[in-house]
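Counting starts at 1 for both ligands and their atoms, following the listed order. The figures here come from the full heavy-atom set of this structure, side chains too, leaving out hydrogens, waters and symmetry mates.
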Amino acid sequence: MRTKKYIETRLPSLEGKTYVVTGANSGLGFQASKILASKGARVFLACRSEKRANEAIEKIKKEVKNAKLEFIEYDQSDYEKITSFCQNLAKLNIKIDGFVANAGVYFPPKEKKTKLGYPLTFGVNFVGVYILIRNLINEDVFNSHPTRFVFVGSVAKALAYPKTFDKWFYDDRVNRNFQYSYSKAGITLLSTYLMNEDLNNVPEMKFPSNVEVYYTHPGITNTNIVRSNEGGFGKNFVKVAQNFLKIFFQSPERASLTMVKALTTEKSGKNISIRPRGPFEISGLPQPRKMNKINKIAAPRFMDYVENELSKKSI
Ligand SMILES: NC(=O)c1ccc[n+]([C@@H]2O[C@H](COP(=O)([O-])OP(=O)(O)OC[C@H]3O[C@@H](n4cnc5c(N)ncnc54)[C@H](OP(=O)(O)O)[C@@H]3O)[C@@H](O)[C@H]2O)c1
């Protein structure tokens, strides 16, 4: 089925609903925001650059008349800014129907670090999301309104979990693909922990019962994830890689349906992954599938590690 037809016929009206999408100015976050707006929802684009967010808003408005879109500042690499974002969101006192934790980076120089001293990829893609959730809980952003929290993982998540997690947080020799892979493996474990109320070794990291957790991954698609700014890839490589992805993989609009499906499905998100249904989960319309049971075994040990690690930084 074509993507447009799927959006028209398989997704419900979202009139009266409100969503927050992080990293919404580009790629999958942009496409998901456009689809949500086209279904009548109000969408907050949580982005680190107001200029890029406003450009995205204008672009969506050209296609979706009367789109209800607003910018809110959000930088997932900086824990103080994550805290202010959650405080600002709480002050707005809105009923949020869904939150998509989509923002992420793929290939910055491996020696680049966040303020807390973690490799940028792991620091943004995993630690940033962890701190975000802590603050959303502390600030009671979701009140008692029924909400969905949607994680965005990747097929590139690590296939085997290590005996210790030090490598994920600290090993400078780890190559950039592995840094990315570890960050997404962390997201898988965190989402598994939050989905299962029987896993409760870090009680303060539990969403209230009105928040339902969904894990998604988009397969592979052509976005700005392969980019040359921030010292990532060379410009020529970016051009070749983006053309390759464009020719051989599905469109970012189709890939973003995994997130929109998670926000709208009648199915519970517990221990399922909403991912493309095609071979190797690389492309295709969204379909739920059971998550690997091994995640449930590794998740509590990982949560202990993360809490202990962040407490060393007084977080
Ligand atoms: N594309 C794929 O094939 C693929 C596959 C699996 C998973 N994913 C995941 O999908 C998500 C979206 O990626 P994409 O492919 O759409 O890439 P993208 O086009 O590069 O979009 C990434 C978004 O994240 C934002 N972002 C990056 N660092 C941030 C920070 N510190 N604070 C706040 N926002 C930040 C970017 O903002 P700026 O524009 O300001 O940099 C951008 O809006 C990521 O989590 C990625 O890991 C993508």
ask   = Got a sec, which pairs hit salt bridge (charged side-chain N to carboxylate O under 4.0 Å, His left out) with one end in residues 130-147, sequence neighbours left out?
value = R134-E307

Contacting atoms of ligand 1, where contact means under 4.0 angstrom from a heavy atom of G27 = 16 (O), 19 (O)

message = Check R42 with E70, please: is the shortest side-chain N to carboxylate O separation under 4.0 Å?
response = yes

message = For atom 45 (O) of ligand 1, which of the options V152, L45, N102 provides the nearest non-hydrogen atom?
response = N102

ask   = Crowded around F178 CZ? As in, over 12 foreign heavy atoms under 6.0 Å?
value = no

key: D75 N/O under 3.5 Å from ligand 1 N/O   = yes

query = Could you state the interatomic distance from CG (L45) to OG (S26), rounded to the nearest 0.5 Å?
reply = 11.5 Å

ask   = Hey, which atoms in ligand 1 end up nearer than 4.0 Å to a heavy atom of G153?
value = 6 (C), 7 (C)

key: Where ligand 1 meets T223 - atom numbers and elements under 4.0 angstrom, heavy-atom basis   = 1 (N), 14 (P), 15 (O), 16 (O), 17 (O), 19 (O)

ask   = In terms of hydrophobic clusters joined by side-chain contacts under 4.5 Å, are L194 and V150 together?
value = no

request  = For the pair K312 and E309, find out whether any cationic side-chain nitrogen is under 4.0 Å from an anionic carboxylate oxygen.
outcome  = yes

key: Whether A156 lies under 4.0 Å from ligand 1, heavy atom   = no

ask   = So is H217 in contact with ligand 1, going by heavy-atom distances below 4.0 Å?
value = no

request  = Check whether any N or O atom of I220, backbone or side chain, sits under 3.5 Å from an N or O atom of ligand 1, and answer yes or no.
outcome  = no

remark   = Closest to atom 19 (O) of ligand 1 by heavy-atom distance, out of S26, P218, S256, is S26

ask   = Strictly under 4.0 Å, does any heavy atom of T22 approach an atom of ligand 1?
value = no

task = Under 4.0 Å from a heavy atom of V105: give me the atoms of ligand 1 that qualify, with their elements.
result = 27 (C), 28 (N)

message = Applying ring pair (Phe, Tyr, Trp, His ring centres under 6.0 Å) as the test, list every pair that has at least one member in residues 276-301; sequence neighbours left out.
response = none

P252 and ligand 1 - part of the residue with a heavy-atom distance under 4.0 Å = neither

query = Counting heavy atoms only, which part of K184 comes closer than 4.0 Å to ligand 1: side chain, backbone, both or neither?
reply = side chain

Under 4.0 Å to a heavy atom of S77 - the qualifying atoms of ligand 1, by number = 31 (N)

inquiry  = Distance under 4.0 Å to a non-hydrogen atom of G219: what atoms of ligand 1 satisfy this?
reply    = 3 (O), 5 (C), 6 (C)

query = Backbone or side chain, does any N or O of S49 fall under 3.5 Å from an N or O of ligand 1?
reply = no

message = Quick check on the 6.0 Å ring-centre criterion: do Y74 and F44 meet it?
response = no

inquiry  = Check this for me: does any side-chain nitrogen of one of K267 and E212 sit under 4.0 Å from a carboxylate oxygen of the other?
reply    = no

Centroid-centroid distance, W168 to F302, less than 6.0 Å = yes

task = Closest by any non-hydrogen atom to atom 47 (O) of ligand 1: pick that one out of Y180, Y74, F85.
result = Y180

ask   = Taking atom types as modelled, is there a side-chain donor on H145 or N210 under 3.5 Å from an acceptor on the other?
value = no

